[in-house]
There are 2 protein chains.
Amino acid sequence: MGDIMADGRTAQTFGSENLLFLTDEQLRQGIEAMFFAYRGFTADPDRILSELAYGRAHHRAIHFINRAPGTTVNNLLAILGVTKQSLNRVLRTLISDGLVESRVGTIDKRERHLFLTEQGQNLESSLSDAQRARMRTAFRDAGPVAVAGFKQVLEAMMDADMRRTHIQLRDSTT
Amino acid sequence: MGDIMADGRTAQTFGSENLLFLTDEQLRQGIEAMFFAYRGFTADPDRILSELAYGRAHHRAIHFINRAPGTTVNNLLAILGVTKQSLNRVLRTLISDGLVESRVGTIDKRERHLFLTEQGQNLESSLSDAQRARMRTAFRDAGPVAVAGFKQVLEAMMDADMRRTHIQLRDSTT
DNA sequence: AGCTTATGTCAGTCTTGTTGACATTCCAAG
DNA sequence: CTTGGAATGTCAACAAGACTGACATAAGCT
């Protein structure tokens with residue numbers, strides 16, 4: 001359809017042998033690699049979470065509250081890309097379980113600023129440790145050049161607003 | 001915890017400046033990059049699917065049936081990593097909607113071999129086109145070296161059995 | 001003949017997402 | 001000062017897609 005040639009190469013392939021890595025087959029392999037890798041990426045924290053009756057949504061909230069302590073609900077909403085009702089259900093359980101603290105804003109009292117309690121930080125650490133251990137092994141096995149390429153491709157794959165959020169988080173902690 | 005040093009570097013960091021990309025901060029950035037990129041990765045097909053009352057589960061089934069036509073239900077189960085009840089629900093709708101055909105095996109009549117109908121192939125194409133378009137742009141922007149690194153890290157991140165499945169699929173179509 | 005395998009199906013549960021409606025609180029503009 | 005809108009929270013209902021457990025059927029294997 002459209003730009004697909006009969007032999008399965010894209011139009012860009014012609015005129016430059018450097019672009020042979022853009023065959024449909026190469027792209028499909030990239031797609032499958034993302035699928036299988038994401039499974040591995042989430043497997044370790046998922047195991048820990050399932051024992052605590054929490055899910056991935058709780059992990060994501062905990063991760064980004066840890067990353068940007070004092071963030072508002074609205075800000076977290078934008079990062080996570082879910083509805084406030086969805087996030088609220090997760091936050092409610094985390095707050096009532098004593099993992100997250102919600103403080104009314106001093107400047108704007110409508111806003112709630114979110115922080116991890118000590119207990120929340122402990123869970124964050126154990127989830128993060130598991131995920132980082134896998135990432136560390138993968139990075140070490142692949143080497144620095146591969147890691148640079150990995151990040152480059154991932155950033156190019158994001159939506160523009162997510163790329164902005166990602167870069168902002170990245171640079172704020174470097 | 002455990003191997004985390006006070007300054008946030010991992011134990012491996014010491015003794016080799018080449019391994020500075022393994023700081024906890026670098027690993028965290030990798031984790032977030034995966035999260036944001038995966039959102040972009042699924043965004044385009046998700047839009048198409050939502051108009052057809054299908055979800056990601058249908059997409060995954062269609063993708064791998066297209067990739068390995070004639071595959072059995074059991075085989076697909078292993079690739080997708082879900083329960084047969086979960087997969088069956090998806091397959092039932094796809095078969096009754098005329099996108100997938102299920103043929104009783106000739107050698108082993110217990111097995112069902114799965115194929116995309118012409119209609120199924122059409123949907124696969126439009127989903128795949130959308131996803132490949134994004135992947136193609138990302139690959140082109142990042143360049144061949146980055147793409148090689150990207151694939152290398154993703155493979156290192158997979159569980160061993162998923163890596164086997166991935167490599168098997170990759171080599172069977174090259 | 002009996003055990004195992006492959007598949008399908010029914011019933012129930014859980015997480016996580018959705019929409020819609022409505023209340024509260026507060027800032028800011030008229 | 002009042003009113004409109006923004007930020008937040010809550011309730012209710014619903015759907016997708018994962019899960020477990022149980023059971024049925026057919027076919028292959030020993």
Side-chain angles (χ1 to χ4, degrees), chain A residues 35 38-39 42-43 45-65 70-97 100-114 127, chain B residues 35 38-39 42-43 45-65 70-97 100-115:
Chain A
F35 172 70
Y38 199 78
R39 282 251 294 281
T42 56
D46 280 357
R47 262 188 293 274
I48 297 171
L49 290 159
S50 69
E51 289 169 17
L52 302 171
Y54 290 138
R56 253 179 235 180
H58 301 84
H59 182 193
R60 291 195 283 261
I62 287 172
H63 175 96
F64 286 107
I65 292 171
T71 188
T72 63
V73 173
N74 234 15
N75 189 20
L76 202 52
L77 238 41
I79 291 173
L80 297 176
V82 296
T83 58
K84 59 174 180 172
Q85 293 90 333
S86 220
L87 175 58
N88 189 254
R89 189 182 9 195
V90 168
L91 284 178
R92 212 183 324 169
T93 69
L94 291 175
I95 290 168
S96 74
D97 290 359
V100 168
E101 194 191 337
S102 165
R103 296 184 206 154
V104 174
T106 46
I107 301 164
D108 185 337
K109 290 177 186 169
R110 291 169 302 180
E111 294 180 341
R112 304 299 143 94
H113 298 277
L114 303 168
L127 293 170
Chain B
F35 171 69
Y38 199 77
R39 282 252 293 282
T42 55
D46 281 357
R47 262 189 293 275
I48 297 171
L49 290 159
S50 69
E51 289 169 17
L52 301 171
Y54 290 139
R56 251 178 237 180
H58 301 84
H59 183 193
R60 291 194 283 259
I62 287 172
H63 175 97
F64 286 106
I65 293 171
T71 188
T72 63
V73 173
N74 238 7
N75 190 19
L76 202 51
L77 237 40
I79 291 173
L80 296 177
V82 296
T83 58
K84 61 173 182 172
Q85 293 91 330
S86 229
L87 176 58
N88 188 254
R89 178 163 19 108
V90 167
L91 282 180
R92 214 180 334 179
T93 69
L94 290 176
I95 290 168
S96 74
D97 290 358
V100 168
E101 194 191 337
S102 166
R103 296 183 205 155
V104 173
T106 46
I107 301 162
D108 187 336
K109 290 178 187 168
R110 291 170 305 178
E111 294 180 339
R112 304 299 145 90
H113 297 278
L114 303 168
F115 300 87

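Computed from a predicted structure; not experimentally measured. What you see below is based on every heavy atom in this structure, not just the backbone, and it leaves out hydrogens, waters and symmetry mates.
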Between [options], which one does the side chain of [X] approach most closely?
X       : options                  : value
S102(A) : dG9(D), dG28(D), dC10(C) : dG9(D)
Q85(A)  : dA21(C), dT8(D), dA27(D) : dA21(C)
T83(A)  : dT8(D), dG8(C), dT18(C)  : dT18(C)
R89(A)  : dT7(C), dA7(D), dT18(C)  : dT18(C)
N88(A)  : dG8(C), dG9(D), dA26(D)  : dG9(D)
K84(B)  : dG9(D), dC19(D), dA22(D) : dA22(D)
V82(A)  : dG17(C), dT4(C), dG8(C)  : dG17(C)

What is the distance from [atom1] of [X] to [atom2] of [N], rounded to the nearest Å?
X       : N       : atom1 : atom2 : result
R92(A)  : dT8(D)  : CZ    : C1'   : 13 Å
L91(B)  : dG8(C)  : CG    : P     : 7 Å
E51(B)  : dA15(D) : CD    : P     : 20 Å
L94(B)  : dA16(D) : CG    : C1'   : 14 Å
I95(B)  : dG8(C)  : CD1   : C1'   : 10 Å
D46(B)  : dG17(D) : CG    : C1'   : 13 Å
R112(B) : dA27(D) : CZ    : P     : 9 Å
L87(A)  : dT10(D) : CG    : C1'   : 14 Å

Self-check item: Of T93(B), D97(B), D46(B), the residue whose pairing with Y54(B) passes side-chain hydrogen bond (donor to acceptor under 3.5 Å, both in side chains)
Solution: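 The residue from T93(B), D97(B), D46(B) that satisfies side-chain hydrogen bond (donor to acceptor under 3.5 Å, both in side chains) with Y54(B) turns out to be D97(B).
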Ignoring backbone atoms, test whether [X] places a side-chain nitrogen or oxygen under 4.0 Å from the OP1 or OP2 oxygen of [N].
X       : N       : answer
S86(A)  : dT16(C) : no
R103(B) : dT7(C)  : no
N74(B)  : dT7(C)  : yes

Quiz prompt | Distance under 6.0 Å and angle within 45° of ring axis: R103(B) vs F115(B) | solution =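 Yes, R103(B) sits over the ring of F115(B).
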Exercise. For DNA chain D, find the residues of residues 54-61 of chain B with a heavy-atom distance under 4.0 Å and give them by number; none if there aren't any.
Key: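 By residue number: G55(B), R56(B), A57(B), H58(B), R60(B).
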Exercise. Taking all heavy atoms of K109(B) and all of V104(B), pick out the closest pair and write down the distance.
Key: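 Closest pair (atom of K109(B), atom of V104(B), distance): O-CG1, 3.4 Å.
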Quiz item: Which heavy atom in S102(A) sits nearest to a heavy atom in I95(A), and how many Å separate them?
Solution: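 It is CB-CD1, 3.8 Å.
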Quiz item: For the residue pair F35(A) and F64(B), does the interplanar ring angle fall in the parallel (under 30°), tilted (30 to 60°) or perpendicular (over 60°) class?
Solution: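 Judged by the thresholds at 30° and 60°, the geometry between F35(A) and F64(B) is tilted.
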Quiz item: With side chains defined as the heavy atoms from C-beta onward, is the minimum distance between V100(B) and I65(B) less than 4.5 Å?
Solution: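 With C-beta onward as the side chain, the pair touches.
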Quiz prompt | 5' priority, DNA chain D, between T106(B) and L77(A) [closest heavy atom] | solution =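 Its nearest nucleotide being more 5', the pick is L77(A).
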Quiz item: Which part of the nucleic acid, if any, lies within contact of L80(A), taking any heavy atom under 4.0 Å across all strands shown: a base, the sugar-phosphate backbone alone, or nothing?
Solution: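 Touches nothing.
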Quiz item: Do any N or O atoms from the side chain of S86(B) and from the backbone of V82(B) form a donor-acceptor pair under 3.5 angstrom?
Solution: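 Between the backbone of V82(B) and the side chain of S86(B) there is no qualifying donor-acceptor contact (under 3.5 Å).
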Quiz item: Would you say R112(A)'s side chain and E101(A)'s backbone share a donor-acceptor pair under 3.5 angstrom?
Solution: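 Side chain of R112(A) to backbone of E101(A), a donor-acceptor pair under 3.5 Å: no, none is there.
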Exercise. Answer yes or no: side-chain N or O of R110(B) and base N or O of dT5(C) forming a donor-acceptor pair under 3.5 Å.
Key: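 Side chain to base: pair present.
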